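Structure record follows, encoded as structure tokens.
Proteins come first, then strands; the chains are lettered A, B, ... in the order of their sequence lines, and each starts at number 1. Only a predicted model underlies this, so the values are computations on that prediction, with no experimental measurement involved. These values consider heavy atoms only, across backbone and side chains, with no hydrogens, waters or symmetry-generated copies.
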Amino acid sequence: MAGEPSINTFGQFELHPLLGSIGKALCFSQAPLYMMISVGVVLAFLYYGIKPAAIVPGRFQASVEMSYEFIHDMTMDAIGSDGIAYFPFIFALFFFILAGNYIGLLPYQYTFTSHIAITFALAVATFTLAIVVSIKNQGLRFFAHFMPEGVSLFLAPLLVPIEILTFLSRPVSLAIRLFANMVAGHVMFDIFGAFVVMLAGFGVVGDVCAIGPVALNVALMAFELLVGVLQAYVFAILACIYLREAVAH
Amino acid sequence: MAVIIKIYRTKVFVVLCSIFMLVSLMPTSAHATGMPQLDFRNPLVNGQVIWGCVIFLVFYFALSRAMLPRVGRVLEDRSKRIRDDLDIARKAKRDTDKAIAELQQARKDALIEAKEHLQSALEEERLATEKRIREVHDRLKAEIDEAERDISAEKERALGSVRDIAYETTQLLVKRLVGVTPDNQHVQEQVENAYSRHLI
């Protein structure tokens, strides 16, 4: 009914062209803008953090070095000695997602990781890279993985499609996990925020009752900070695991 | 090898970019009215994938060519510096240990040498003392011998005059007792007789 208060929780995910007609022609929306901001923030963090190049690092430099070593160790531990070739990719993947998730948590900002097109593209990139590396390292033996060892050939018609389906579900699960977490968090923010606005219309009682949704939003922010880094880590570690399988001879 | 890896990674990324574009341009009928993310007819939704591909590619190359090697160099320089410092410290420790060992050996040698010197000095002193004692002993012996000789000579001389004293005393006593001067010959014979019998 017209005039009744409603909650448009998905409005925050809508894309709008920026830079007028040029932006419309180039399909330039807030998503690429926030990707650029995220990339810029990460590059600035690395550039200014490592600029002193001190033997005894300050806090800023130490944070850059810790970031580097965290991803480096994770990559090397998961993939092995061949992992160094994929370290920049894993680093880029982790910090691209992390910066996107965290910048999206700031008020009035946009979260580009809440779009499945983006998360799916990242997942497909990872998946394709793993397949290319697998075929390069293993050749045609790569396809032997779809038939588990020691299993009777009679079961092949059943098992091989299941294995292929399992394999193909990897990018889907990667994409949906990140997308769903981001969307769910921001929808909940929006819902509880809208509750506060709606309760404000009920006078003093509404103001008192609005404390609940505000407190929930504060708790949710802490939770989303955890989810933001956790999802970036999960995406990166799964990419490492897929690449470990790919580099194995 | 590094060049091959770089070319390989570049090729992989070109392939990935192509896949991004294919995914973004893929026709779909999954248009949901509720979620703007699923409105694939919206060119902005697909456009953001192409933009994302370009931005991610730039990000990747900025990281792999500039930023990460720079951070890696700083970490490598530090670990090299720490390694070098540790090597210097280990070398200094080895030198110190060697110097301590040499010092201890020198102390041991010095102690042994000092003992030998002391032993030698004591031996020399003992020999010198023995020599001095011997000399003193010889000198005393000589003096004793000389003294004994003097005593013997004096004794001989004293004993030689005892007869005369006995003779004169006998004569005097006889004369005083009897009032007669005894015969000298007889007195002399009696004194000689007593002397020979060790009465005198």
Side-chain angles (χ1 to χ4, degrees), chain A residues 10-17 24 26-33 35-36 38-39 42-43 46-47 49-50 52-57 61 64-65 67-69 72 84-89 91-93 95-96 112 114-118 120-122 124-126 128-129 132-133 136 179 183, chain B residues 2 4-6 8-9 11-13 15-24 26 28 30 32-40 42-75 77-78 81-82 85:
Chain A
F10 292 114
Q12 60 180 314
F13 304 118
E14 283 173 5
L15 294 168
H16 306 288
K24 199 169 183 179
L26 294 172
C27 297
F28 190 80
S29 59
Q30 68 269 44
L33 176 68
M35 285 179 206
M36 287 177 184
S38 302
V39 165
V42 175
L43 292 178
L46 292 173
Y47 179 78
I50 208 64
I55 294 294
V56 180
Q61 188 183 334
V64 171
E65 290 174 6
S67 306
Y68 178 96
E69 286 178 335
H72 183 267
I84 194 68
Y86 310 103
F87 166 56
F89 175 70
F91 192 95
L93 204 59
F95 277 96
F96 189 67
F112 61 82
S114 64
H115 268 253
I116 192 154
I118 297 291
F120 190 67
L122 288 170
V124 167
T126 307
T128 311
L129 177 65
V132 170
V133 174
K136 180 182 171 287
F179 158 73
V183 169
Chain B
I4 294 168
I5 289 170
K6 279 180 185 173
Y8 166 68
R9 287 195 305 210
K11 281 181 178 175
V12 166
F13 265 85
V15 170
L16 294 181
C17 290
S18 310
I19 289 164
F20 277 146
M21 290 176 188
L22 284 173
V23 167
S24 66
M26 206 161 48
T28 176
T33 53
M35 295 183 80
Q37 296 100 317
L38 300 179
D39 182 10
F40 292 107
N42 182 356
L44 293 176
V45 172
N46 299 326
Q48 68 176 340
V49 177
I50 297 169
W51 277 106
C53 166
V54 174
I55 293 164
F56 189 80
L57 205 60
V58 170
F59 184 45
Y60 172 80
F61 280 111
L63 286 175
S64 63
R65 300 289 161 90
M67 291 301 171
L68 295 179
R70 201 170 165 195
V71 179
R73 268 198 304 275
V74 170
L75 292 172
D77 287 349
R78 181 180 303 136
R81 172 89 177 263
I82 290 168
D85 287 353

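- When each of A:Ala92, A:Ser114, A:Ala31 is scored by its heavy-atom pairs under 4.5 Å with chain B, the top score falls to A:Ala92.
- Distance CE/A:Met35 to CZ/B:Phe59: 12.5 Å, rounded to 0.5 Å.
- Heavy-atom pairs under 4.5 Å with chain B were tallied for A:Pro17, A:Ser67, A:Ser38, A:Gly49; the largest tally goes to A:Pro17.
- When the options A:Phe91, A:Phe96, A:Phe89 are evaluated for a side-chain contact (heavy atoms from CB on, under 4.5 Å) with B:Tyr60, the one that passes is A:Phe89.
- Proximity to chain B (any heavy atom under 4.5 Å) is shown, for A:His72, by neither the backbone nor the side chain.
- Atom CZ of B:Phe56 sits about 5.0 Å away from atom CG of A:Leu93, to the nearest 0.5 Å.
- The parts of A:Tyr47 that come within reach of chain B are both its backbone and its side chain, each placing non-hydrogen atoms under 4.5 angstrom from that chain.
- Proximity to chain B is limited to the side chain of A:Glu69, based on heavy atoms less than 4.5 angstrom apart.
- How far CG of B:Leu63 is from CZ of A:Phe87: 8.5 Å, rounded to the nearest 0.5 Å.
- A distance-only check finds no donor-acceptor pair linking the side chain of B:Trp51 to the backbone of A:Met36 [under 3.5 Å].
- The choice from A:Gln61, A:Glu14, A:Glu65 that makes the most heavy-atom pairs within less than 4.5 Å of chain B is A:Glu65.
- B:Arg78 contributes no side-chain N or O that, together with a main-chain N or O of A:Val56, makes up a donor-acceptor pair within less than 3.5 Å.
- For chain A, the nearby part of B:Leu75 is the side chain; its heavy atoms alone come within less than 4.5 Å.
- The shortest distance between side-chain heavy atoms of A:Pro32 and B:Ile55 falls below 4.5 Å.
- Under the salt bridge (charged side-chain N to carboxylate O under 4.0 Å, His left out) criterion, B:Asp85 pairs with B:Arg81, sequence neighbours left out.
- Of the two parts of A:Phe179, only the side chain, counted from C-beta on, holds a non-hydrogen atom closer than 4.5 Å to a non-hydrogen atom of chain B.
- Between chain B and the options A:Val183, A:Val64, A:Leu43, heavy-atom pairs under 4.5 Å are most frequent for A:Leu43.
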Practice task
Tell me, with the steps shown, if B:Met67 and A:Val42 meet side-chain contact (heavy atoms from CB on, under 4.5 Å).
Solution key: CA-CA 10 Å; B:Met67 291 301 171; A:Val42 175; over 6 Å; no
